[in-house]
Amino acid sequence: MLKKIRLLIIASILGLLALSLVQGYLINNSYKLKKDAFISETRRSISRIDDLAPSLDKMNDVWQDHFLNVIADYYIGKITKKVVLEKLNSTTDSLNNAYIKTYNKELLKKNIGYNLKFQKQVKKIILLDSVKNDTIFESKTKPSFRLLGDKFSIEDGHKVSSSLWMTDHNFQRIINGKENSITFDLQFQTEDRMNIEGWENIVLSRMTGLLLFSVFIFLLVFGLLYYSIKNLITQKKIADIKTDFVNNITHELKTPLATLTLATKMLKNKDIKLKPEIIENTVNTIERQNIRLQKLIDQVLNNSLGYQEIKLNKEVVNISDYLNMIVDDFQVSLDSKSIKIQKNININQEISIDKFYFTTAILNILENAVKYGKENLEINVSAKIDKYFILSILDNGIGIPKKEQPFLFDKFYRVGNREVHNVKGLGLGLYYTNEIVKAHEGIISVESEVDKGTNFTIQIPLK
Ligand code: ATP
Ligand code: MG
């Protein structure tokens, strides 16, 4: 059974893990989809902003016109490629502040609801004439650079669009004293990129419902599983306790019944009828076993079935007289003379208790001390008054392991494994004792060390 429960727990944990993985995978997928949708939605709303807004378009014309002149200088060999790019940069740099301002104004009109940075990157500049293509810049060989817009690294942005500016340019230049008309084609490829501040949070916030629902479902499944397994373990414990109890009670009933059978057989024997002392002995045995059976049944009825609630019938007793009587009676009832009981109970004070119940409580502890004692058993009963009436019963028996001590007062609890026990019992004695002490508004506690002994302390208000 325990193995099955363990397997069940492992299977549940694995199942839960698999479920979480699948859920994680699905959430990740829908995050990607939402992200793509969000990016393309933004892309759609801002694409071609600079073409459609006349103010931006005009600014583009300014740098483009300027650049055509620079290219013409390059074409006639006046400047190098490096200088072309430097001149391009210095033109756009001087334009940039105004460009960004205008761009943001246009962006505001779009009303997209979140902050956005924009950038135009140079991808390719190629000069074409009838002879050959002359590549001035290509992002394949060199990293592309920012032409206009805000500063942010390529990795932090998303592509919006790429555009190709193609133009054929005609210009007059005096070369070697002669005026020449020159024509060339220019291909200028750019890429628009955007950087949306905190886009991850925006996408996640759009998924809040889904995320919350997933967490809720996960917690629900986890909670249900935890609850079911916990229930299963409790049920198993109860089943074990019941089996133990049935085993114990059968064991307890068997002995007196066997003795009674033997006694009746003896009384039927004709020879015995002539010997009155044997008859008396046998009748005494029958009486003793009868009382034992009665006690057992009472104990079971009182405790296991919740048959009777403890209703106290208190009377005032002298502590010293009362305890002396119990301990002396108990000593007399013991078969073994080797058990020493020491008393330290001379307190000439009165206390109000239910004599019947309180005696049962003390006897349960005394009986345990004998049942779980060792050779040369010594029991020490001591009482004192310290605001409360405090009674300690100390023995030098087998002791109780620390980890078992918290459960001693539980119903049916017996220390260790049932098979290990060679002492009979139902595990009800201390439970009942605790109930009695509680009815007297007191507390019972235990201190014990294995192989050294056990000390039970009862503390009740004087009243
Ligand atoms: P019964 O219902 O017949 O009293 P029980 O003696 O087994 O059965 P409890 O009196 O409730 O039940 O005691 C519970 C367990 O505590 C015992 O089974 C025993 O293992 C342990 N125990 C109790 N008193 C002592 C003691 N003085 N020394 C060592 N172990 C003890
Ligand atoms: Mg007991």
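Quick note: numbers below take in every heavy atom, side chains included, and nothing from hydrogens, waters or symmetry partners. Starting from 1, each residue takes its place in the sequence as its number. Just follow the structure's listing: the first ligand is 1, and inside any ligand the first atom is 1.
Side-chain atoms of Thr359 and Tyr322 form a donor-acceptor pair, as typed in the model, at a separation below 3.5 Å. Side-chain N/O atoms of Tyr372 and Thr454 include no donor and acceptor closer than 3.5 Å. Checked by atom type, the side-chain pair Tyr413/Glu404 shows a donor-acceptor distance below 3.5 Å.
Closest of all the heavy-atom pairs between Arg206 and Lys34 is O-CE, 4.1 Å.
Remark: Arg44 does not engage Glu41 in a salt bridge, criterion side-chain N to carboxylate O under 4.0 Å. Comment: Lys236 engages Asp240 in a salt bridge, judged by a side-chain N to carboxylate O separation of less than 4.0 angstrom. A salt bridge links Asp192 with Lys120; the closest basic N to acidic carboxylate O contact falls under 4.0 Å.
Of the candidates Glu367, Gln405, Lys371, Lys371 brings a heavy atom nearest to atom 3 (O) of ligand 1. Here atom 15 (C) of ligand 1 lies nearest to Tyr413 when heavy atoms of Tyr413, Phe409, Tyr432, Phe407 are compared. When the options Gly427, Gly429, Ser448 are ranked by their closest heavy atom to atom 8 (O) of ligand 1, first place goes to Gly427.
Judged purely by atom type and a 3.5 angstrom limit, Arg43 has no side-chain atom pairing as donor or acceptor with the backbone of Ser161.
In Leu426, the parts holding a heavy atom less than 4.0 Å from any atom of ligand 1 are both the side chain and the backbone. The side chain of Thr454, and not its backbone, has at least one atom closer than 4.0 Å to an atom of ligand 1 (non-hydrogen atoms only; side chain from C-beta on).
Note on Asn364: not counted as a metal contact of the Mg ion (ligand 2), no N/O/S atom lying under 2.8 Å.
Considering backbone and side-chain N/O of Phe456, none are found under 3.5 Å from N/O of ligand 1. For the pair Leu408 and ligand 1, the shortest N or O to N or O distance does not fall below 3.5 Å. For ligand 1, the polar-atom distance check finds no N/O of Tyr431 at less than 3.5 Å from any of the ligand's N/O atoms.
A heavy-atom separation below 4.0 Å is not found between Gly397 and ligand 1.
Contact atoms of ligand 1 toward Asp395: 26 (C), 27 (N) (distance under 4.0 Å to a heavy atom of the residue).
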